[in-house]
Protein chains: 2
Amino acid sequence: MTEITTDLYQVKEKMYVATDCIIFGFHEGKLKLLVFKRKVEPLKGESSLIGSFVRLDEDLDVAGRRVLKEATGLENVFMQQLKSYGKKDRDPGYRCISIAQYALIRIDEYDEKLVEEHGAHWYEIDQLPNLILDHNEMVQDAMYQLKHNARYKPIGFELLPEKFTIPQLQILYEAIYQRELDARNFRKKVLSLNVLKKLDEKDKTTSKRGAFLYKFDYENYQKLLTSGYNFEIA
Amino acid sequence: MTEITTDLYQVKEKMYVATDCIIFGFHEGKLKLLVFKRKVEPLKGESSLIGSFVRLDEDLDVAGRRVLKEATGLENVFMQQLKSYGKKDRDPGYRCISIAQYALIRIDEYDEKLVEEHGAHWYEIDQLPNLILDHNEMVQDAMYQLKHNARYKPIGFELLPEKFTIPQLQILYEAIYQRELDARNFRKKVLSLNVLKKLDEKDKTTSKRGAFLYKFDYENYQKLLTSGYNFEIA
DNA sequence: GTAATAAATGTAAAATATACGCTCATTCTA
DNA sequence: TAGAATGAGCGTATATTTTACATTTATTAC
């Protein structure tokens with residue numbers, strides 16, 4: 001057996017490695033978080049993020065996607081590592097570190113039944129219940145990260161349906177930044193990024209006139225990225 | 001025994017948890033990385049980051065600081081979690097995930113003897129040797145993170161001696177960003193941040209006239225932070 | 001056909017970033 | 001001890017970006 005990672009020490013102790021998922025969604029103009037109810041003791045009935053142990057034959061990111069899929073039915077969504085939480089007594093039962101990963105999902109796409117089976121519930125981001133262990137901290141950190149990332153990468157689009165209007169996009173960014181944005185300036189800015197494809201369709205659910213639908217232009221985004229473009233949004 | 005973290009699964013498998021340290025320094029106008037030589041098989045003699053298993057009774061960040069101290073003798077330096085590396089086969093010997101943490105140290109402060117004992121060597125950041133396992137990736141990620149962070153948090157100061165001149169600070173930022181900066185604009189910008197205390201001393205090692213020494217003003221920095229100040233540098 | 005509603009557009013002022021050249025303080029040496 | 005040499009330190013003009021703000025337009029409902 002090879003033993004590679006450490007030079008300094010012989011102290012080799014195994015521990016549990018878990019991953020917890022911070023699942024963001026956007027619905028009715030509100031940024032929301034998917035919160036679960038524990039079904040087993042201890043802390044049965046308490047609110048919590050959804051998580052799982054990482055299996056020995058499973059990549060870390062694969063574990064996150066497995067959890068997400070089992071909780072929501074969704075695959076191929078935006079998911080990114082947030083941070084590891086490794087205080088020695090973070091879990092009172094045994095030593096376990098958790099790598100938190102956060103996902104951005106289109107609420108119209110997830111499987112409600114699956115979610116219900118897990119006792120899940122969407123909460124508005126500023127009306128969250130108290131969560132077990134260090135999950136509150138995870139959510140806070142994820143929220144910070146989301147705000148930060150949304151500013152430089154167009155990840156906001158991951159939370160919207162494939163087709164969306166500029167006003168919808170603005171409301172999303174307002175929810176992320178938790179402040180109001182100027183409609184004219186916002187429109188100017190996002191259009192100037194050249195990553196939106198205007199469609200010939202309109203969405204008329206919010207106005208009589210209707211707002212044009214757009215798609216995110218992944219190809220052009222990639223092209224601009226490699227040419228060293230700056231994507232500061234809003 | 002309580003079992004808290006997971007709802008979904010009973011699959012509970014322990015694994016090794018390691019931490020690897022990416023140690024940046026700044027010396028002679030160059031950004032450098034501390035690289036170690038493995039002293040044990042397998043891969044004996046290969047270049048590597050320094051790391052250790054995380055102990056069962058040890059917080060994750062404490063483990064990072066322990067490794068850093070044992071490798072360099074330094075405590076109380078800037079250290080921050082980078083990312084977890086968790087591919088199932090990243091270490092050919094056994095399943096082990098590693099949480100990479102990066103440190104910024106003042107090269108004039110570290111204990112050379114300790115470093116030598118570990119077969120360590122400072123490499124310029126653009127002349128690194130090949131490293132074992134996924135350590136190259138860790139360094140790349142850390143470099144990206146450093147560039148990014150240096151832009152919004154005044155972490156650059158962590159790499160300089162306590163007293164430094166503006167031209168020195170500029171050279172550091174040039175090393176981090178890997179491009180030249182305009183001396184007049186750089187000076188204007190950093191001074192406008194109001195986090196530098198000008199001292200009455202001069203450093204005359206690089207010019208006849210001498211350059212005034214400054215200290216980073218942590219107090220004022222904290223004050224400005226809480227008042228929501230924007231710290232974009234360079 | 002008119003009232004109502006949100007979508008869409010433009011421009012001027014303020015703030016910020018960039019580009020660029022000269023003087024100053026000090027040391028070295030002739 | 002005068003003056004040449006060197007990097008430190010400063011200021012201003014221009015370009016770019018951000019902000020603030022008001023009106024018209026397309027469509028539906030009555």
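These numbers were taken from a predicted model, which means no experiment stands behind them. Naming: A, B, ... by sequence-line order, numbering from 1 per chain.
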Nearest-Å distance for atom pair OH/P, residues B/Y177 and C/dT18
11 Å
B/E174: what forms a side chain to side chain contact (heavy atoms under 4.5 Å, CB included) with it, not counting sequence neighbours?
B/Q170, B/I171, B/E180, B/L181
Charged N to carboxylate O under 4.0 angstrom, B/E75 versus B/K69?
yes
Any N/O donor-acceptor pair, B/R184 side-chain to C/dG21 base, under 3.5 Å
yes
Round to the nearest Å and state the distance from A/L193 atom CG to D/dT18 atom P.
10 Å
Angle between the two end axes of the helix from C/dG1-D/dC30 to C/dA30-D/dT1, five base pairs per end, rounded to 10 degrees?
10°
Using 30° and 60° as the class limits, which term best fits the ring planes of B/Y173 and B/F186: parallel, tilted or perpendicular?
tilted
Between the base of D/dA8 and the side chain of B/R209, is there a donor-acceptor distance below 3.5 Å?
yes
The nucleotide from D/dG11, C/dT26, D/dG9 with an atom nearest the side chain of B/N185 is D/dG11
Which of parallel (below 30°), tilted (30 to 60°) and perpendicular (above 60°) describes A/F157 and A/F216?
tilted
Between A/D20 and A/S98, do the side chains contain an N or O donor and an N or O acceptor separated by less than 3.5 Å?
yes
Could you tell me how far apart B/F212 (CZ) and C/dA25 (C1') are, to the nearest whole angstrom?
9 Å
Can a donor-acceptor pair under 3.5 Å be found between the side-chain atoms of B/K189 and the base atoms of C/dT16?
no
With no hydrogens and no angle check, do the side chains of B/K37 and B/S47 hold a donor and an acceptor under 3.5 Å apart?
yes
Hey, which sits more toward the 5' end of DNA chain C by its nearest nucleotide, A/A183 or A/T206?
A/T206
Does any N or O donor sit under 3.5 Å from an N or O acceptor when you compare the side chain of A/K204 with the base of C/dT5?
no
Over how many whole Å does the gap from B/L196 atom CG to D/dG9 atom P extend?
12 Å
Please state how far atom OH in B/Y214 lies from atom C1' in D/dA8, giving the value in whole angstrom units.
10 Å
Those residues at least two apart in sequence (or on a different chain) that pass ring-ring contact (aromatic ring centres under 6.0 Å, His included) with B/H148 are A/H148, B/Y152
C/dA19 P sits how many Å from B/L181 CG, rounded?
11 Å
Nearest to the B/K188 side chain among D/dG11, D/dG9, D/dA29, which nucleotide is it?
D/dG11
Would you kindly give the CD1-to-C1' distance between A/I233 and D/dT18, to the nearest whole Å?
16 Å
Considering heavy-atom distances to DNA chain C, does A/K202 or B/D182 have its closest nucleotide positioned more toward the 5' end?
A/K202
Measure from CG on A/D203 to P on C/dA7 and round the result to the nearest Å.
9 Å
